[in-house]
Amino acid sequence: MATFHHAVLHILRAFLVPLKSVRQISLLLLVVIIFIAQPTPVMAARFVVQGISGELAKNVKVFLAALPEPAPDDLDNYLDLVKKNTRQAMQALGYYKPVISTVVKRDQQNLTSIHVDIAAGSPVRVTSLDLQITGEAEQDPEFHKAIRRNRLRKGEPFHHGHYEETKSLISELANSRGYFDAQWVTALVEISIRKNSARITMLFDSRTRYHFGEISIDGDPELHDLITKTRSFETGEPYSSALLAEYNARLNDTNYFRSILVQPDLEHRADGLVPVTVRATPYASNIFNVGGGFSTDIGPRGKLKWTVPRLNRAGHSLVSKLEISAPEQNFVASYKVPIEDAHANYGLLQAGYQHQDNGDTNTNKYTLQAKRLKRLGGGWERAYVLRYELEDFRQGEQTDISHLIMPGLSFTRDRSRGGLNVLWGDSLRFYLELSDPSWGSDVRLAKFRSRIKWVRTAGENNKHKFIARSDLGGISVKSIYDVPASLRFFTGGDQSIRGFRYGKIAPQDDTGLLIGGKYLAVGSLEYGYLILEKWRIAGFIDAGTATNDFSESISVGSGVGLRWITPVGPLRLDLAYAISESDKPWMIHFSMGPDI
């Protein structure tokens, strides 16, 4: 390499003499520097860890993966570094006296593998564990749970990760529960390699717990009363970051604010109280949203939403929604009135229009509705409803106009984790509606419906996904012909029984036209398997019926599908066969959006 550089410099002197221009000399020097500055070659290496398994082997591989590629002219030093990192990985899990040897091998493609052979030896074990909490937290049940959950155990190998985890767990718990002056008095590990022993002494002084102080609001003064009413705690209540997060979520759910931030003002804590600061930026006076989508059931659809987040100081708001597709058009305007607060206890006044034209069904429905909603414990929401419906409809050969006044009650709960691509969750929805001539309705009936969906994942990277759902309903009425078309039961399609067309499973009249059913029973099971980072394959079976007397056979659809995981939720493409039919026809179904 020195001879090569010497030759280049000799050529450089020969060329520099005749050059007069500074620009020419600069360009030539740049070319020569690039030419001379050749990178030092490195060789790719892979590690083969032998003699240990499980968590030990995994930890060693993690430590070795952090090493750079070895230089061929410095292999001895590199092997020393391999042994050093391996020893550190073993010590982290309590093995302080491993015997480590390395062997370098090259295959026919000249790729290098470094075989690391390890005899773990006897581990350092925890012979004494003294973990104590003093201060007010000594009587706090959450700290008792934390001590029980810690993974340090007497007689087990000393695990540095478990030790640091225990310290972090208790420190973070103290911070989340208002012990802002807490400190570790002692956090000591005495290790004797000769005796293979570790003595752990941990003393945590929580001191006193702070309580919520006054709320300071940075934002539009007109919003102060609404912000205060929505809080999830009272002044003087023991501090909890969970309550603070709930307050932030409640304010966000009111839809008054473009941004909201609730945080403790630790700098001004005093006399056992910590003030709370709320920074709120309200939405503009008018918000417009335009959207769309596609599904096999209704084809392309468009959506338009107009929101007035706050009409007055009392927090009244207005939301108007328009949805248009070929078979269905819906419009609803909702006026929201906070009763106790805009998050958990409010009323809705609604007016709507719906048109549906789906083969044997053609309806025009006008609705006026008053609804009182209240959030209950455990994520449940209860709603009292009083609705008036005027419906002009044709169902099969029947044409009629109905007037119904229907009080109702519903209980709903939706839970999910994973955002729009749900990894865990469930949805429970129960509805009851009544109609009777004694208060002005055309017909006496009672309608019940329950809709349940369950989503779980399992395995590394949530490789396995399970989805189960059921949809059950019933109408207590003398004749199905007394019920307006929009209240009757139909099933089939993307969201019910795949392999069948949308809403085409229902009782028929003598001419073969659909009349709809009094009862609904649908169940579905689906399994998905992650094949790539953003792709799943799925298998499913759906079964059920809409009926008046359960004399019809159960309709069953089954098939396979593909799921593309996108930022707006999964896109689903299914190939489904109607296996309960004699000719087993097939359909392709496409839908999009979150599973819950």
Side-chain angles (χ1 to χ4, degrees), residues 292-302 323-330 354-363 365 393-398 449 451 453 467 469-473 480 483-526 538-548 550-563 570-593 595:
F294 178 87
S295 70
T296 316
D297 282 351
I298 61 174
R301 67 180 182 273
E323 296 187 10
I324 298 176
S325 65
E328 297 180 2
Q329 300 85 48
N330 295 281
Q354 180 187 55
H355 172 70
Q356 183 181 9
D357 186 358
N358 186 25
D360 299 342
T361 305
N362 190 298
T363 69
K365 183 171 71 173
F393 69 91
R394 175 185 59 80
Q395 184 62 57
E397 293 186 335
Q398 180 190 5
R449 189 167 188 178
R451 308 182 78 170
K453 197 168 188 180
I467 301 176
R469 58 180 167 84
S470 71
D471 193 355
L472 304 174
I480 190 63
V483 181
S486 66
L487 293 182
R488 303 180 191 183
F489 290 116
F490 303 82
T491 190
D494 303 339
Q495 305 301 318
S496 54
I497 305 176
R498 286 161 285 189
F500 295 83
R501 291 175 58 197
Y502 175 49
K504 297 304 181 183
I505 301 174
Q508 302 175 355
D509 62 18
D510 294 338
T511 65
L513 298 178
L514 296 174
I515 60 174
K518 293 182 182 180
Y519 308 108
L520 176 71
V522 175
S524 173
L525 293 173
E526 178 174 310
F540 58 85
I541 184 168
D542 307 328
T545 188
T547 182
N548 286 316
F550 289 95
S551 61
E552 303 89 352
S553 59
I554 299 297
S555 298
V556 181
S558 183
V560 294
L562 190 63
R563 308 287 181 261
L571 270 62
R572 308 174 193 86
L573 182 65
D574 292 322
L575 174 62
Y577 288 85
I579 60 176
S580 58
E581 305 301 296
S582 58
D583 55 347
K584 294 181 173 51
W586 58 271
M587 281 193 67
I588 291 177
H589 295 271
F590 178 83
S591 61
M592 57 191 299
D595 291 314

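All residue numbers refer to positions in the sequence shown, counting from 1.
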Colleague: Between S486 and Q356, does the side-chain contact (heavy atoms from CB on, under 4.5 Å) criterion hold? Intermediate values first, please.
Modeller: CA-CA 9 Å; S486 66; Q356 183 181 9; 5.7 Å; no

Colleague: So does R501 have more than 12 non-hydrogen atoms from other groups sitting under 6.0 Å from CZ?
Modeller: no

Colleague: Under the side chain to side chain donor-acceptor pair (under 3.5 Å) rule, collect the residues that match up with E552, sequence neighbours excluded.
Modeller: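 E552 satisfies side chain to side chain donor-acceptor pair (under 3.5 Å) with T547 only.
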
Colleague: To check you understand the geometry: which heavy-atom pair defines the closest contact between R301 and S325, and what is its length?
Modeller: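 It is CB-CB, 3.9 Å.
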
Colleague: Look at the side chain of E328 and the backbone N and O of I324, then say whether any donor-acceptor pair between them is shorter than 3.5 Å.
Modeller: no

Colleague: Shortest non-hydrogen contact from A578 to F500?
Modeller: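 Heavy atoms only, the tightest pair is CB-CZ, 3.5 Å.
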
Colleague: Which residues pass the salt bridge (Lys or Arg N to Asp or Glu O under 4.0 Å) test with R469, not counting sequence neighbours?
Modeller: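 Here the qualifying residues are D542.
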
Colleague: Restricting to side chain to side chain donor-acceptor pair (under 3.5 Å), what partner residues turn up for T545, sequence neighbours left out?
Modeller: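 For T545 there are no side chain to side chain donor-acceptor pair (under 3.5 Å) partners, ignoring immediate neighbours.
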
Colleague: Verify, without hydrogens or angle tests, whether S558 (side chain) and F540 (backbone) share a donor-acceptor contact under 3.5 angstrom.
Modeller: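 Yes, S558 side chain to F540 backbone: donor-acceptor pair under 3.5 Å.
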
Colleague: For K453, what residues pass the salt bridge (Lys or Arg N to Asp or Glu O under 4.0 Å) criterion, not counting sequence neighbours?
Modeller: none

Colleague: For residues I505 and V522, determine if any side-chain heavy atom of one lies less than 4.5 Å from a side-chain heavy atom of the other.
Modeller: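 No, their side chains stay 4.5 Å or more apart.
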
Colleague: Got a second to check how far S591's OG is from D574's CG, nearest 0.5 Å?
Modeller: 6.5 Å

Colleague: Looking at every non-hydrogen atom in both residues, tell me the closest pair between F489 and A546 and how far apart they are.
Modeller: O-CB, 3.6 Å

Colleague: Quick check: closest heavy atoms across T363 and F393, and the distance to 0.1 Å?
Modeller: CG2-CB, 3.6 Å

Colleague: How long is the span from the CG atom in D471 to the CG atom in L520, to the nearest 0.5 Å?
Modeller: 4.5 Å

Colleague: Is the closest basic N to carboxylate O distance between E526 and R563 below 4.0 Å?
Modeller: yes

Colleague: Is the backbone N or O of G593 less than 3.5 Å from a side-chain atom of R572, with the two atoms forming a donor-acceptor pair by type?
Modeller: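 Checked: pair present.
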
Colleague: Out of curiosity, Q329 CD to I298 CD1, how far, rounded to the nearest 0.5 Å?
Modeller: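 So the CD of Q329 and the CD1 of I298 are separated by 10.0 Å.
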
Colleague: Heavy atoms, side chains only, cut-off 4.5 Å: are L513 and Q395 in contact?
Modeller: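 In short, these two side chains do not touch, never coming nearer than 4.5 Å.
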
Colleague: Verify, without hydrogens or angle tests, whether T296 (side chain) and F590 (backbone) share a donor-acceptor contact under 3.5 angstrom.
Modeller: yes

Colleague: Should S524 and R498 count as side-chain neighbours, where that means a heavy-atom distance under 4.5 Å?
Modeller: yes

Colleague: Looking at G516 and I480, what are the two nearest heavy atoms and their distance?
Modeller: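 G516 and I480 have their closest heavy atoms at O-CG1, 3.8 Å.
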
Colleague: Is any side-chain heavy atom of H355 closer than 4.5 Å to one of N362?
Modeller: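 Yes, at least one pair of side-chain atoms sits under 4.5 Å.
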
Colleague: What residues, two or more places apart in sequence or in another chain, satisfy side chain to side chain donor-acceptor pair (under 3.5 Å) together with Q398?
Modeller: R488

Colleague: Run the side-chain contact (heavy atoms from CB on, under 4.5 Å) check on L514 and T361 step by step: do they pass?
Modeller: CA-CA 8 Å; L514 296 174; T361 305; 5.7 Å; no

Colleague: Using the side-chain hydrogen bond (donor to acceptor under 3.5 Å, both in side chains) rule, collect all pairs that involve residues 577-589, keeping only residues at least two apart or in two chains.
Modeller: D494-H589

Colleague: Does any donor atom in the side chain of D509 or T511 lie under 3.5 Å from an acceptor atom in the other side chain?
Modeller: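 Yes.
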
Colleague: Are any non-hydrogen side-chain atoms of D595 and P570 less than 4.5 angstrom apart?
Modeller: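 They are in side-chain contact.
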
Colleague: Could you state the interatomic distance from CG (D360) to CZ (R394), rounded to the nearest 0.5 Å?
Modeller: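 Going from the CG atom of D360 to the CZ atom of R394 covers 7.0 Å.
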
